[in-house]
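What follows is one structure encoded as structure tokens, with my remarks underneath.
This structure is a prediction, so every number in the text was calculated from the model and none was measured.
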Amino acid sequence: MKKVLLILQLVMSTVLYAQKKTDITDGYIIWETEDFKKYTPIIKCSLNIRGLILTSQMTDDGIGFVLTEGKEMPTDFDYYFFFYDFKKQNETPIYVIKYQELNRDIKCAYYSDGIIFSLEVTKNNPEECFITKRTLNSPMIIEEFKIDTFFSPHNYQYAKTLYVDEDNDRVLCVYSKHIDDKHVQKFLTILSFSSGKELFCCKTDLSNIILDGKEVYLSEKNKLFKINYQDTTFKPTEIMTFIPEKETIIAMQKNNDIYVVRTEYWKFNLALKFLFGNNSQIWSYYACKFQDEKLQKIKKLKEPKK
């Protein structure tokens, strides 16, 4: 009897132990943790697909919402909407929108509660920008809203990330703009969903939109700021960080109260400099928490072994 009880205890402890495991991600890599102090790299979330990726939005449980332009062949310019399981590296199609059937170019999209919002620009008139709404069941547009022309793809601008908060009348978008032949700058813009008017715009080094309640984060090199995107006046507030001065904060991902921060810096590489005129790009990853109005480091994270 004692042996049976001991076996049951071992089985139950194993089950409970397994249940404690939690995944966190920066949107590209998944780490596993049991105590939120030690983190084991599991997988690099590469999109094993063809086509130009216009949107890769990580949702729950390692499932992403993805929009690509072209996928079946090099001359394919159609728009493919699907969900992607980063762990299993397989996709669940939503639908395809034929390029020839649209009079607009789709630049990026955002998925929430069964609705797909898209940023679209009229093909023969780049001064016309729209936010459109579609359901998962049909590619037909159910609503559309004209917005200010903050984005002009013909001026070497590229939409990075879209976020729509219809309830609070806000649209947020991160886009990049070529400053010159060698330099690209990213911007965060906040618009009114109902009027389409731009309310705020500023530089940022973050390529994604990271929210904490009604606040959105911005970065400038190793500095971090937050701003109330639902407000009528916008004043960024600086948050103290531990990030080394040589590193630039380029991405963040919220995992409940754990944040994964990705940074980059460029390390001198003689061979690359001689051959291509570039240095080595170094990425670092940190598990962090916000405490006492500061971004506190829990642990520097390792990449999965190749």
Hey, could you give me each pair passing ring pair (Phe, Tyr, Trp, His ring centres under 6.0 Å) that has a residue in residues 112-134? Not counting sequence neighbours. none

Are the side chain of R134 and the backbone of P139 linked by a donor-acceptor contact shorter than 3.5 Å? yes

ring-ring contact (aromatic ring centres under 6.0 Å, His included) between F83 and Y111, worked out: CA-CA 10 Å; F83 292 111; Y111 170 75; 5.2 Å; yes

Answer yes or no: is there a donor N or O on one side and an acceptor on the other, between the side chain of S219 and the main chain of I249, under 3.5 Å? yes

Just by distance, do the side chain of T25 and the backbone of G27 share a donor-acceptor pair under 3.5 Å? yes

Is K226 salt-bridged to D212, cutoff N-O under 4.0 Å? no

Atom pairs and distances, donor-acceptor, side-chain atoms in residues 167-178, under 3.5 Å, two or more places apart:
unit_1, atom_1, unit_2, atom_2, d
N168, ND2, D165, OD1, 3.3
N168, ND2, D165, OD2, 2.9
D169, OD1, F193, N, 3.1
D169, OD1, S194, N, 2.6
D169, OD1, S194, OG, 3.0
D169, OD2, S192, OG, 3.0
D169, OD2, S194, OG, 3.1
R170, NE, Y229, O, 2.9
R170, NH2, Q230, O, 3.4
R170, NH2, D231, O, 2.9
S176, OG, Y158, O, 3.4

Derivation of the ring-ring contact (aromatic ring centres under 6.0 Å, His included) call for W31 and Y285: CA-CA 11 Å; W31 293 266; Y285 307 85; 5.6 Å; yes

Considering residues at least two apart in sequence or located in another chain, which fulfil the ring pair (Phe, Tyr, Trp, His ring centres under 6.0 Å) criterion with Y39? none

Enter the distance from D35:CG to K21:NZ here, rounded to the nearest 0.5 Å. 12.0 Å

Under the side chain to side chain donor-acceptor pair (under 3.5 Å) rule, what pairs show up with a residue in residues 198-207, not counting sequence neighbours? T189-E198

Go through the structure and list residues passing ring pair (Phe, Tyr, Trp, His ring centres under 6.0 Å) with F151, not counting sequence neighbours. none

Report the C-alpha distance between E120 and T132 in whole Å, list the side-chain angles of each, state the deciding distance to 0.1 Å, and finish with yes or no for side chain to side chain donor-acceptor pair (under 3.5 Å). CA-CA 7 Å; E120 303 184 17; T132 62; 2.8 Å; yes

Measure the OG1-NZ distance between T248 and K223 for me, rounded to the nearest 0.5 Å. 12.0 Å

Main-chain N/O of I258 paired with N256 side-chain donor or acceptor, under 3.5 Å: no

Within 6.0 Å of NZ in K254, more than 12 heavy atoms from elsewhere: yes

Could you walk me through whether Y286 and Q296 pass the side chain to side chain donor-acceptor pair (under 3.5 Å) check? CA-CA 10 Å; Y286 302 94; Q296 306 276 10; over 6 Å; no

Euclidean distance, I179 CD1 relative to Q185 CD, rounded to 0.5 Å: 6.0 Å

Could you pull out every donor-acceptor pair under 3.5 Å between side chains of residues 234-246 and any protein atom, sequence neighbours left out?
unit_1, atom_1, unit_2, atom_2, d
T241, OG1, N222, O, 3.1
T241, OG1, I243, N, 3.3

Pair E264 + K221: basic N to acidic O under 4.0 Å: no

Which of parallel (below 30°), tilted (30 to 60°) and perpendicular (above 60°) describes Y79 and Y99? tilted

Drop me the distance from L224's CG to Y259's OH, to the nearest 0.5 angstrom. 10.0 Å

